[in-house]
Trainee: 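Structure in structure tokens, see below.
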Amino acid sequence: MSRSADPARYDLEGLRDRVLAEEGGTVDDSIPELAGADADLCAIALALPDGTVRGSTQADVPFSIQSAVKPFLFALALVDTGGEALHRIGIEPTGEAFDAIKLESGTGRPPNPMVNAGALLTAALVDGGDVEGRNERIRRGLAAFAGRELEVDEDVARSEHLLGDRNHALAHLMRAEGTLEVGADDAVAVYARACATLVDAEALAVMGATLACGGVNPVTGERVLPEESARDVVSVMATCGVYDGSGRWMRGVGIPAKSSVSGAIVLSAPRTLGAAVISPPLDERGTSVRGRIACERLSDELGLHVFG
Ligand code: GLN
């Protein structure tokens, strides 16, 4: 068996250089703010259980978290509903795109919390009462995962709320099925705002590390969610986090992860580390092309494949 590199000394800058040489993919154009992203933004960060956070060049450049927020919305919904969220949402992979207009047959529940239907529901299940209250609960919750305050890009939030037709369709469908109890437009507004949260690679790596460390933020020492809930979230990341590319991801990278249209990927390697990569050009499944390559190399060189 080959000896793995030490995450505390791993050459992140070298990995960034190798990954930047890779071409391919297209930047998401679902909203103008994402279409205008710098295709050559590229950063990698690691957060270790001892609280060490390491970032490459550009690891402090902000980007909207987009779907990489979904594991954390699921976590907050689990905490706020006392686990009831597990019964309101399925946990099976769909084999379909993130925004497929489809609910679980027979139950009308969203198929899992990592696709848009599920995330619209988790964002509606958090405490807060109304839109403002839920926004505030999510703001505080995400800050606890990151170990610092996070801003929201108001333009991104507005565009996603206005232009997210498929999300509006999903919210209405869940209303019709009786699975969404808040107003459809309110559900989209809260979810869109959560997706518009600004992080950088270092903050996202700490968020991933908090899940990897059983719910305790390794930087602040705060317990953000119960260990059992952290395990639930990471399990669903492993099976559903990369949508219809989850099987290929598990085989090739072997680390529970969540992809997103901004080109961010958050990784939670249980008991070992959290990591994040940002690079906007995406493949046909909405996964960052350079991000995937970076994760494959990280997994290989640090020996992180959970079945390795
Ligand atoms: N906010 C985006 C949407 O709802 C997030 C999708 C994603 O990152 N895959 O369409």
Side-chain angles (χ1 to χ4, degrees), residues 25-37 41 62-74 89 93-103 110-124 135 138 142 150 152-174 180 184-199 201 204 207-208 236-237 240-246 249 257-267 276-292:
T26 37
V27 174
D28 179 79
D29 62 358
S30 59
I31 58 169
E33 291 78 8
L34 286 177
L41 166 63
F63 52 86
S64 61
I65 190 169
Q66 297 298 333
S67 283
V69 79
K70 290 170 176 167
F72 307 100
L73 293 178
F74 181 38
I89 309 162
T94 62
E96 295 191 60
F98 65 93
D99 56 358
I101 311 291
K102 213 163 169 184
L103 301 177
N112 69 64
M114 303 294 134
V115 294
N116 284 18
L120 282 157
L121 187 56
T122 54
N135 284 341
I138 291 169
L142 298 180
L150 301 171
V152 168
D153 184 323
E154 298 295 342
D155 293 334
V156 170
R158 201 172 310 112
S159 286
E160 291 219 31
H161 184 192
L162 277 175
L163 303 174
D165 289 326
R166 299 184 74 83
N167 290 331
H168 287 278
L170 282 165
H172 282 286
L173 191 56
M174 288 192 285
L180 179 69
D185 190 64
D186 287 357
V188 177
V190 174
Y191 166 70
R193 193 175 175 83
C195 289
T197 302
L198 290 170
V199 289
L204 192 55
M207 296 173 79
V236 178
M237 288 168 78
C240 309
V242 191
Y243 311 124
D244 45 343
S246 297
W249 181 273
K258 184 71 209 77
S259 57
S260 83
V261 290
S262 53
I265 301 176
V266 58
L267 297 158
V277 184
I278 174 73
S279 168
L282 308 176
D283 68 14
E284 67 287 354
R285 291 182 169 103
T287 310
S288 166
V289 171
R290 287 175 174 144
R292 153 187 291 285

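Counting starts at 1 for both ligands and their atoms, in listed order. None of these values were measured; they are calculated from a predicted model. Only heavy atoms go into these numbers, but all of them, side chains included; no hydrogens, no water, no symmetry mates.
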Trainee: Answer side chain, backbone, both or neither: which part of D99 comes under 4.0 Å from ligand 1, heavy atoms only.
Mentor: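 The answer is neither.
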
Trainee: Counting both backbone and side chain atoms, is some N or O of C195 under 3.5 Å from an N or O of ligand 1?
Mentor: no

Trainee: Looking at L162, is its backbone amide N or carbonyl O close enough to the side chain of H168 to form a donor-acceptor pair, meaning the two atoms are under 3.5 Å apart?
Mentor: no

Trainee: Using a 4.0 Å heavy-atom cut-off, which part of S67 comes near ligand 1: side chain, backbone, both, or neither?
Mentor: both

Trainee: Among all protein heavy atoms, pick the one closest to atom 1 (N) of ligand 1 and tell me residue, atom and distance.
Mentor: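 In this structure, atom 1 (N) of ligand 1 has E160 OE1, 2.5 Å as its nearest protein heavy atom.
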
Trainee: So how far is it from N116 CG to R166 CZ, rounded to the nearest 0.5 Å?
Mentor: 9.0 Å

Trainee: Going from CG on D153 to CZ on R158, what distance comes out if it is rounded to the nearest 0.5 angstrom?
Mentor: 9.0 Å

Trainee: Could you see which bit of R166 sits under 4.0 Å from ligand 1, with heavy atoms only: side chain, backbone, both or neither?
Mentor: neither

Trainee: Does S159 use its side chain to pair, donor to acceptor, with the backbone of V156 at less than 3.5 Å?
Mentor: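 Answer holds: no.
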
Trainee: Only heavy atoms of N167, strictly under 4.0 Å: list the atoms of ligand 1 that pass.
Mentor: 3 (C), 4 (O), 10 (O)

Trainee: Is the closest N or O pair between S259 and ligand 1 shorter than 3.5 Å?
Mentor: no

Trainee: When you measure from atom 3 (C) of ligand 1 to every protein heavy atom, which one gives the shortest distance, and what is it?
Mentor: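 So the nearest neighbour among protein heavy atoms is N116 ND2, 3.5 Å.
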
Trainee: Do the non-hydrogen side-chain atoms of Q66 and D28 ever get within less than 4.5 Å of each other?
Mentor: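 No, too far: nothing below the 4.5 Å cut-off.
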
Trainee: What atoms in ligand 1 come closer than 4.0 Å to a heavy atom of S260?
Mentor: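 That gives atoms 8 (O) of ligand 1.
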
Trainee: With side chains defined as the heavy atoms from C-beta onward, is the minimum distance between L198 and L150 less than 4.5 Å?
Mentor: no

Trainee: Measure the shortest side-chain to side-chain distance between E96 and D244 over non-hydrogen atoms and say whether it is less than 4.5 angstrom.
Mentor: no

Trainee: Please answer whether the main-chain N or O of S279 pairs with a side-chain N or O of S288 as donor and acceptor at a distance below 3.5 Å.
Mentor: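 At least one qualifying donor-acceptor pair exists.
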
Trainee: Suppose we measure from atom 2 (C) of ligand 1 to each protein heavy atom; which comes out shortest, and what is that distance?
Mentor: Q66 OE1, 3.2 Å

Trainee: Going by the atom numbers of ligand 1, which of them fall below 4.0 Å from some non-hydrogen atom of Y191?
Mentor: 1 (N), 2 (C), 3 (C), 4 (O), 5 (C)

Trainee: Any nitrogen or oxygen of K70, side chain or backbone, less than 3.5 Å from one on ligand 1?
Mentor: no

